[in-house]
Structures are given as C-alpha cells and as structure tokens.
Amino acid sequence: GAVVSQHPSRVICKSGTSVKIECRSLDFQATTMFWYRQFPKQSLMLMATSNEGSKATYEQGVEKDKFLINHASLTLSTLTVTSAHPEDSSFYICSASTGGHNEQYFGPGTRLTVT
Amino acid sequence: AQTVTQSQPEMSVQEAETVTLSCTYDTSESNYYLFWYKQPPSRQMILVIRQEAYKQQNATENRFSVNFQKAAKSFSLKISDSQLGDTAMYFCAFMKTSGSRLTFGEGTQLTVNP
C-alpha cells in the first residue's frame, strides 16, 4: 500500500512554455502533499506544502507565480512550471502524507529539461 | 529552524562488511521524528528506518540499525552485512510533528564494493 505516482516521469519542453506535473496517491487519501526539487548529487529542497482545498504554502525564495501548485482533491496535486527556462531544469519529487502519521510517501520523480 | 548535517559526502565499504553513516541535527523540540532514506540510482526515495524521539530504544530493521543519542542530537545509521544493492545516496531527515515537513541532510553517497 501507500503508493504515490508522478506523471510524466520525464518531460522536455521549450523555453517559455509551461509544463504540468501530476502527483497522485493511488491507494490512500493524502491530506498534505509536498513538492521538492533536487539538483544532481544534492539533497531534496522543499518548494511548497499543499493541503487539499487550500492554497499552497511556499518556501522562502520559491516564486509562487512561477511554480503553481493545485491540490484539488485528496488524491491529486499538480505542479505547473510556468514560462519555463533552462534554469528550471531539475528533478521534481512529490510526497504525500495522511496527516497525523509520521511517514511521507514519495513519488518516483519527474525529470524536467527545458531547452 | 531545524538543521540536519551529514558530514560524510561519500563513503565506501566492502561487501559483507559493516558501515556507519553519521547524522547530527539541531532542534529545540523535545519530541520529533528522525528518518533515514535511501535513494538508489533510480532516484526513488525509500524509507530505511525511522525513530521517534520519545522512544529510548534504538530502531532496527533487519540489517539496518540506528544509534540515537538524543542529548548529543546524533542519529547514525549502521548497515551490517553490506550488499551491492545498498549502493545509494542516503539521506538523514527530521520531522517536527506528524504530517509536517521533512528537513533533509546533504546526503552521503555509499558505494558497496564487491
């Protein structure tokens, strides 16, 4: 149990376009979802925390207008990178928790390449 | 704010031997949760072991065990009988309360040599 999926696993887009990444909890209801960014050989950096039905809370330095997060249901959160630029190229990972539990379940990640 | 420090960027061990990865953290909380995650080349994050700060007994999961020293704010991971499949990046992580954010250390790249 406790499976989280991400789609797509890899995406290449042109500079200036927008790309959407989906994060789904397949067999449980996720009251909270987290979005991380990871550069090669570095740690995971939290970008934002989203709770179902409310606005996401962004970490300091993360542009909320550039990284749009929507958590419309208890099983789906989306991250949209708007007007992507090459410096947005990275590995994006989501995780989900059921609230009141101390474990986060991680998706397999999405590799974004902006050309 | 909480911080997590892993002072060993890279480590290597021979197959079947034992290795210990270090982690220290800083917090003013009295109760919290600590984790070790493994990230193999596939980059899927895998939970290795967790420890609740109010529990004095060190957590163990098969070949993996921790040495939790609350007063010293230290949380090391011991891997016994290392296997080639243990080759991965290992992250130490802190969680203040259930369901809250994880704060990760910088990671330790472990290589198990045949």
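Side-chain atoms are counted along with the backbone in the values below, which use heavy atoms only and exclude waters and symmetry mates. Here is how names work: the chains are called A, B, and so on, in the same order as the sequence lines, proteins then strands, and each is numbered from 1. Not measured: the values here are computed from a predicted model.
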> If you count heavy atoms of other groups shown closer than 6.0 angstrom to NZ of B:Lys70, is the number above 12?
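Counting neighbours around NZ of B:Lys70, more than 12 heavy atoms of other residues, nucleotides or ligands fall under 6.0 Å, so yes.
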
> Do we get B:Arg43 above A:Phe91's six-membered ring, with its NZ or CZ under 6.0 Å from the centre and within 45° of the axis?
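The answer is yes, since B:Arg43 meets both limits relative to A:Phe91.
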
> For the NE2 atom on A:His85, are there more than 12 heavy atoms of other groups (residues, nucleotides or ligands in this structure) within a distance under 6.0 Å?
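Counting neighbours around NE2 of A:His85, more than 12 heavy atoms of other residues, nucleotides or ligands fall under 6.0 Å, so yes.
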
> Can you tell me how far OG of A:Ser43 sits from CE of B:Met89, rounded to the nearest 0.5 angstrom?
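Between B:Met89 CE and A:Ser43 OG, I get 8.0 Å after rounding to 0.5 Å.
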
> Would you say NZ of B:Lys73 has more than 12 non-hydrogen atoms from neighbouring residues, nucleotides or ligands within 6.0 angstrom?
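Correct, the count exceeds 12.
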
> Are B:Phe94 and B:Tyr33 co-members of a hydrophobic cluster defined by side-chain heavy atoms under 4.5 Å apart?
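No; tracing contacts between hydrophobic side chains, which count when under 4.5 Å, never links both residues.
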
> Using the rule that two of Ile, Leu, Val, Met, Phe, Trp, Tyr join whenever any of their side-chain heavy atoms come within less than 4.5 Å, decide whether A:Leu112 and A:Leu79 are in one cluster.
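They do share one cluster, since a chain of ILVMFWY contacts under 4.5 Å joins A:Leu112 to A:Leu79.
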
> Please look at A:Gln6 and chain B and tell me whether the side chain, the backbone, both or neither of the residue comes under 4.5 angstrom of a heavy atom of that chain.
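Neither part.
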
> Please flag which part of B:Glu52 lies under 4.5 Å from any non-hydrogen atom of chain A: side chain, backbone, both or neither.
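Just its side chain gets close to chain A.
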
> Hydrophobic cluster membership, with links at side-chain heavy-atom distances under 4.5 Å among I/L/V/M/F/W/Y: are B:Tyr37 and B:Tyr32 in one?
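No, separate clusters.
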
> In sequence, state the C-alpha distance, the side-chain angles, and the governing distance for B:Met95 and A:Glu103, and then conclude on side-chain contact (heavy atoms from CB on, under 4.5 Å).
CA-CA 9 Å; B:Met95 179 186 285; A:Glu103 184 169 354; over 6 Å; no

> Give, as side chain, backbone, both or neither, the part of B:Leu47 having an atom under 4.5 angstrom from any heavy atom of chain A.
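Side chain only.
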
> Nearest 0.5 Å please: distance from the CZ atom of B:Phe104 over to the CE atom of A:Met45.
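Answer rounded to 0.5 Å: 11.0 Å.
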
> Which bit of B:Gln39 comes within less than 4.5 Å of chain A, counting heavy atoms only: side chain, backbone, both or neither?
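Side chain only.
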
> Supply the atom-to-atom distance A:Leu44 CG to B:Thr103 OG1, rounded to the nearest 0.5 angstrom.
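Atom-to-atom, A:Leu44:CG and B:Thr103:OG1 are 11.5 Å apart.
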
> Is chain A contacted by the side chain of B:Phe91, its backbone, both, or neither, given a heavy-atom distance below 4.5 Å?
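B:Phe91 touches chain A through side-chain heavy atoms alone.
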
> Measure the spacing between CZ of B:Arg101 and OG1 of A:Thr57 and express it to the nearest 0.5 Å.
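Rounded to the nearest 0.5 Å, the CZ-OG1 separation comes out at 10.5 Å.
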
> Does CD in B:Glu10 sit with more than 12 non-hydrogen atoms of other residues, nucleotides or ligands closer than 6.0 Å?
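Open.
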
> Does any N or O in the side chain of A:Gln104 come within less than 3.5 Å of the main-chain N or O of B:Ser100, such that one atom is a donor and the other an acceptor?
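The answer is yes, because a donor-acceptor pair under 3.5 Å joins these two groups.
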
> State yes or no: do B:Trp36 and B:Leu34 share one hydrophobic cluster built from I, L, V, M, F, W and Y residues joined by side-chain heavy-atom distances below 4.5 Å, directly or via other members?
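Yes, B:Trp36 and B:Leu34 fall within the same hydrophobic cluster.
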
> Which region of A:Leu46, side chain (C-beta onward) or backbone (N, CA, C, O), has a non-hydrogen atom less than 4.5 Å from a non-hydrogen atom of chain B, or is it both or neither?
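Interface part for A:Leu46: side chain.
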
> Main chain of A:Phe106, side chain of B:Gln44: is a donor-acceptor contact present, judged purely on distance under 3.5 Å?
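The answer is yes, because a donor-acceptor pair under 3.5 Å joins these two groups.
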
> Quick check on A:Lys66: does its NZ atom have over 12 non-hydrogen neighbours (other residues, nucleotides or ligands) under 6.0 Å away?
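Enclosed: over 12 neighbouring heavy atoms sit under 6.0 Å from NZ of A:Lys66.
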
